[in-house]
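Encoded as structure tokens, the structure appears first; notes follow it.
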Number of protein chains: 2
Amino acid sequence: MKLTTRFRYGTRAVLDLAIHAAERPVSLKDIAQRQGISRKYLETLFSTLQSSGIVRAVRGPRGGYRLTRKPEDISLRRLYEVLEGSGPLVDCTADPDICLRSASCVTQQVWEEMYNLCIGYLDSISIQELINRS
Amino acid sequence: MKLTTRFRYGTRAVLDLAIHAAERPVSLKDIAQRQGISRKYLETLFSTLQSSGIVRAVRGPRGGYRLTRKPEDISLRRLYEVLEGSGPLVDCTADPDICLRSASCVTQQVWEEMYNLCIGYLDSISIQELINRS
DNA sequence: TTAATTCCTATTAATTAAATAGAAATTATT
DNA sequence: AATAATTTCTATTTAATTAATAGGAATTAA
């Protein structure tokens, strides 16, 4: 059970954007340099972030990205759902029909509860909270 | 972030063993049939479980496996550590040197806390607890 | 002696994530 | 109008890991 690079890098990138966004949009080139993440990889992440409504692009010279809302309104839960994209810890939680045993499976309940714990925790942490800690 | 098949199947197999272990050891053939898991796959899991001291094999006809301790003394945390084997949610938690940013990384703290939540939860659930629920 | 089992060592297959590539579209600036 | 800095799009490649299988050796109860 590991977090994906997508989610980890994405979180750092959004945090970086939140910290550096003043009057100008922030380019991926700058984020890439500061965070040590390849610009090309960030492109794929920000494509997802934009279509999820978390950031908005400004194209052309001096362009880049802006957050669409305040850092306190962006939870890690949202970033997890958008970037990690894998859903619950086990597939049978989301779709019980994939396993004949779902109805009577006590382990499924446990994995679901564990997932709820994780999601609840991520929901309690916002990008603003990360800014405060840094 | 998904749980591995190793851990999920392993947990179900140990639970099955705990439920069916009476005077005789339980063979992998029986567990495989009841749980719908290939015997060959169970062999690899039980090899790990035995070397971790959770089960003990009895070879030969009428052989199989027994638990080495009571179901209430086997936590899912232990099974996770033995079967999942992947450690923390991110590698930098275990070994900060793999990332230059570790010292000042606020996300690392968050991933670590999230991991602690998961492990704490798994620690609170024993095989006996699963038996009670089933 | 036989048959049922675990044990050992590989190997293969499948899946997913990670990373890169290159060219097109957009637009501020000069 | 030209240039350069950026995002956008689509595809591909690489790497890593997990999942699953295979076959025969060792063990031992009956």
Side-chain angles (χ1 to χ4, degrees), chain A residues 1-10 12-13 17 20-21 23-33 35-52 54-66 68 80 82-87 89-91 98-99, chain B residues 1-10 12-13 17 20-21 23-33 35-52 54-66 68 80 82-87 89-91 98-99:
Chain A
M1 195 177 62
K2 291 283 186 194
L3 293 174
T4 59
T5 302
R6 267 179 81 76
F7 175 48
R8 292 185 291 113
Y9 283 13
R12 278 171 48 205
L17 173 54
H20 293 94
E23 62 283 2
R24 301 175 197 167
V26 181
S27 72
L28 295 188
K29 188 181 162 202
D30 288 350
I31 296 177
Q33 280 177 349
Q35 296 297 323
I37 302 171
S38 102
R39 200 197 81 231
K40 277 296 187 187
Y41 197 69
L42 286 176
E43 283 179 10
T44 66
L45 300 184
F46 276 75
S47 164
T48 301
L49 289 169
Q50 174 160 234
S51 60
S52 304
I54 293 166
V55 301
R56 220 187 90 233
V58 178
R59 301 176 74 167
R62 303 212 129 203
Y65 289 90
R66 295 177 193 278
T68 58
Y80 176 85
V82 158
L83 293 170
E84 187 92 5
S86 66
L89 299 182
V90 293
D91 291 332
I98 63 174
C99 178
Chain B
M1 194 175 64
K2 290 283 185 195
L3 293 174
T4 58
T5 302
R6 268 179 80 75
F7 175 47
R8 292 183 292 113
Y9 283 14
R12 277 171 49 204
L17 173 53
H20 292 94
E23 62 282 4
R24 302 176 194 164
V26 180
S27 72
L28 295 188
K29 188 180 162 204
D30 288 350
I31 296 177
Q33 279 177 350
Q35 297 297 323
I37 302 172
S38 100
R39 201 197 80 230
K40 278 296 186 185
Y41 196 68
L42 286 176
E43 283 180 10
T44 67
L45 300 185
F46 276 74
S47 164
T48 302
L49 289 169
Q50 175 159 232
S51 61
S52 304
I54 294 167
V55 301
R56 220 186 91 234
V58 178
R59 301 176 74 168
R62 305 214 127 202
Y65 288 90
R66 294 177 194 278
T68 59
Y80 176 85
V82 158
L83 292 171
E84 187 91 5
S86 66
L89 299 182
V90 293
D91 291 332
I98 62 173
C99 178

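The figures here come from the full heavy-atom set of this structure, side chains too, leaving out hydrogens, waters and symmetry mates. In what follows, every chain begins at residue 1, and chains take the letters A, B, ... in the order their sequences are listed.
Among the atoms of the strands shown, only primed sugar atoms or phosphate atoms (P, OP1, OP2) are found under 4.0 Å from some heavy atom of B/Q50.
Put simply, A/T5 has a side-chain N or O that comes within less than 4.0 Å of OP1 or OP2 on C/dA18. Checking the phosphate oxygens (OP1, OP2) of C/dT20, a side-chain nitrogen or oxygen of A/S38 falls inside 4.0 Å. For B/S47, no side-chain nitrogen or oxygen approaches OP1 or OP2 of C/dC7 to under 4.0 Å.
Take the nearest nucleotide of DNA chain C for B/G63 and for A/Y9: the residue whose nucleotide is more 5' is B/G63. Annotation: of the two residues near DNA chain C, B/G60 and A/T44, the 5′-most nearest-nucleotide partner is B/G60. When the nearest nucleotides of DNA chain D are assigned to B/P61 and B/E84 by heavy-atom distance, the more 5′-ward of the two goes with B/E84.
A/K29 places its NZ atom 10 Å from the P atom of D/dT7, with the value rounded to the nearest Å. Straight-line distance from the CZ atom of B/R39 to the P atom of C/dT6: 7 Å, rounded to whole Å. Here C/dA19 presents its P atom at 10 Å from CG of A/L45, a figure rounded to the nearest Å. To the nearest angstrom, P of D/dT7 lies 14 Å from CZ of A/R62. Rounded to whole Å, atom P of D/dT28 lies 13 Å from atom OH of B/Y65. Between B/K40 atom NZ and C/dT9 atom C1' the separation is 11 Å, expressed in whole Å. In this structure, A/D30 atom CG and D/dA5 atom P are separated by 13 Å, rounded to whole Å. One interatomic measurement links the two molecules: CG of A/L49 to P of D/dT8, which rounds to 11 Å at whole-angstrom precision.
Contact record, A/T68 with A/V55: CG2-C, 3.6 Å, taken as the closest heavy-atom pair. The two residues B/G63 and B/P25 make their nearest non-hydrogen contact at C-CB, 3.9 Å. Closest heavy-atom contact between A/K2 and B/S86: NZ-O, 2.8 Å.
With contacts defined as side-chain heavy-atom distances shorter than 4.5 Å, the pair A/I31/A/I37 does not qualify.
To the nearest 0.5 Å, the span separating OH on A/Y65 from CG on A/D30 amounts to 13.5 Å.
With distances taken from any side-chain atom of A/A57 to the nucleotides D/dT8, C/dA18, D/dA20, the minimum falls on D/dT8.
Below the 3.5 angstrom threshold, one finds a donor paired with an acceptor across the side chain of A/R59 and the base of C/dA25.
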